[in-house]
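Notes follow the structure.
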Amino acid sequence: MKNLYSEIKDGLFLISGPCVIENQDMLLRIAGRVQQITDRLGIKYIFKASFDKANRTSVTSFRGPGMEEGLKMLAKVKAETGLPILTDIHEAYQAAPVAEVADILQIPAFLCRQTDLLVAAAKTDKIVNIKKAQFLAGNDMGHPCKKVTDSGNDKVILTERGTMLGYGNLVVDYRNLVDMAQFGFPVVMDVTHAVQKPGGLGGKSGGDRGYVPYLAKAAAAVGVDGFFFETHEDPENALSDGPNMVTPDKLEEILKSIIDIRTAIGK
């Protein structure tokens, strides 16, 4: 039986879930709905939600339930669905307790150069998903990778989420996907964060989910195997990243187009 990292390396996979944990019932509903879709389409699915959004624009923005309560909620999703879990960590001390629940530890983009954080994540022996910083090029990601592999862990994923132009906008340079692939690790396109407009709504980030299908299809044409979509039942009323998230129904539509493109290019 293949382990999770082998499955990820061998084909199309999806990372999806709400930006932040809002409540237990919502987590279970979204996980179950997306799991039905991915089972039907034959896609490996990893459930994602954050227990703490430590990088919100405003100090008054909703951050989530915190590590202790959030991990209990994620553990329940794992127990009831059997899905692997991905969540992000922001400080080195969080790595070990989070690894007791999560199968993949995510390093937020702004923190991908933080050596102590990368080393702590690596030492859990869990898969480490390193999101490329908005201020780095794809070629620069060899250094964060090496911090993890030199710590004894070769289970790395690299994720592109766009480059910050300043003035509240991001742009995706698809050459970064090609450049990151040279390191030999699975590469993910974080489609919904790439349409974000940081600080675009004053005290919180804005965005435009209307561009999500186009960015996803372009990444599929480049040959990317992993896709990251934050998903919510009611994005307009989400407590974090609402303008960028898609509904499960829209997600299914986009995934079908990704499969069609992959078939066309021989993936």
Side-chain angles (χ1 to χ4, degrees), residues 2-9 11-53 64-89 94-95 97-108 121 124 126-131 155 157 159 161 186 188-193 212 216 225-235 238-242 244-252 254-255 258:
K2 290 182 179 178
N3 61 35
L4 177 60
Y5 193 59
S6 294
E7 290 183 275
I8 288 171
K9 291 177 70 176
L12 178 61
F13 65 98
L14 171 71
I15 299 168
S16 186
C19 177
V20 66
I21 297 172
E22 296 182 15
N23 61 70
Q24 183 73 77
D25 289 343
M26 183 198 73
L27 291 187
L28 291 169
R29 287 195 305 271
I30 293 176
R33 177 72 181 97
V34 177
Q35 187 175 32
Q36 290 175 347
I37 294 169
T38 52
D39 284 351
R40 188 159 57 243
L41 298 179
I43 299 171
K44 183 65 184 179
Y45 173 37
I46 299 140
F47 181 78
K48 180 269 171 185
S50 299
F51 57 79
D52 180 19
K53 299 300 292 185
M67 184 172 70
E68 183 177 352
E69 188 62 28
L71 289 177
K72 290 178 183 177
M73 294 185 189
L74 291 172
K76 187 168 184 178
V77 172
K78 188 173 186 176
E80 294 197 12
T81 65
L83 291 169
I85 300 294
L86 178 150
T87 196
D88 33 12
I89 58 174
Q94 296 176 333
V98 172
E100 294 180 10
V101 174
D103 302 275
I104 303 176
L105 303 185
Q106 180 166 281
I107 308 300
T124 66
K126 296 291 185 173
I127 301 168
V128 181
N129 181 33
I130 312 173
K131 299 189 77 171
K155 299 186 290 292
I157 301 171
T159 295
R161 56 136 312 144
V188 172
M189 180 66 216
D190 181 347
V191 186
T192 50
H193 278 111
V212 165
D225 292 319
F227 291 83
F228 186 124
F229 294 89
E230 288 193 317
T231 312
H232 198 281
E233 301 164 307
D234 183 12
L239 298 181
S240 176
D241 257 4
N244 314 304
M245 289 195 282
V246 296
T247 63
D249 287 342
K250 184 62 176 179
L251 175 64
E252 181 169 15
I254 297 168
L255 290 174
I258 286 171

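Because the structure is predicted, anything quoted here is derived from the model rather than measured. Sequential numbering from 1 along the given sequence is applied to the chain's residues.
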Kindly say whether [Y] contributes a backbone atom to a donor-acceptor pair with the side chain of [X] at under 3.5 angstrom?
X    : Y    : value
Q35  : T81  : yes
E230 : V246 : no
S240 : V20  : no

Contact between [X] and [Y] at the side-chain level, heavy atoms closer than 4.5 Å - yes or no?
X    : Y    : result
L105 : I127 : no
F13  : E7   : no
V128 : I104 : no
F229 : I15  : no
L255 : L14  : yes
L12  : D225 : no
I21  : S50  : no
L4   : K155 : no

Original post:
Please walk me through it: do C19 and M245 pass side-chain contact (heavy atoms from CB on, under 4.5 Å)?
Top reply: CA-CA 8 Å; C19 177; M245 289 195 282; 4.0 Å; yes
At what distance, to the nearest 0.5 angstrom, does [atom1] of [X] lie from [atom2] of [Y]?
X    : Y    : atom1 : atom2 : value
T87  : D52  : OG1   : CG    : 9.0 Å
I85  : K76  : CD1   : NZ    : 13.5 Å
E68  : M73  : CD    : CE    : 11.0 Å
L83  : K48  : CG    : NZ    : 15.0 Å
I157 : N129 : CD1   : CG    : 5.0 Å

Original post:
Q106 and K131: side-chain contact (heavy atoms from CB on, under 4.5 Å), yes or no, with the steps?
Top reply: CA-CA 7 Å; Q106 180 166 281; K131 299 189 77 171; 3.6 Å; yes
**OP:** Go through the structure and list residues passing salt bridge (Lys or Arg N to Asp or Glu O under 4.0 Å) with E252, not counting sequence neighbours.
**Re:** R33, R40, K256
Original post:
Which residues satisfy the salt bridge (Lys or Arg N to Asp or Glu O under 4.0 Å) test with K250, sequence neighbours excluded?
Top reply: E253
Original post:
Does any donor atom in the side chain of S16 or T231 lie under 3.5 Å from an acceptor atom in the other side chain?
Top reply: yes
Original post:
Would you say the side-chain atoms of D190 and T159 include a donor-acceptor pair closer than 3.5 Å?
Top reply: no
Write down the atom of [X], the atom of [Y], and the distance for their closest heavy-atom approach.
X    : Y    : value
I30  : G17  : CG2-CA, 4.4 Å
K9   : P186 : CG-CG, 3.7 Å
P108 : I89  : CD-O, 3.0 Å
P97  : L71  : O-CD1, 3.8 Å
P84  : K44  : CG-CE, 4.3 Å
V77  : A31  : CG1-CB, 3.9 Å

Original post:
Could you go step by step and tell me if F51 and D88 meet the side-chain contact (heavy atoms from CB on, under 4.5 Å) rule?
Top reply: CA-CA 8 Å; F51 57 79; D88 33 12; 5.5 Å; no
Subject >> Step-by-step side-chain contact (heavy atoms from CB on, under 4.5 Å) determination, V191 to I254 >> reply: CA-CA 11 Å; V191 186; I254 297 168; over 6 Å; no
Subject >> Sidechain N-carboxylate O distance under 4.0 Å for D103, K78 >> reply: yes
**OP:** For the pair Y45 and F47, name the ring-plane relationship: parallel under 30°, tilted 30 to 60°, perpendicular over 60°.
**Re:** perpendicular
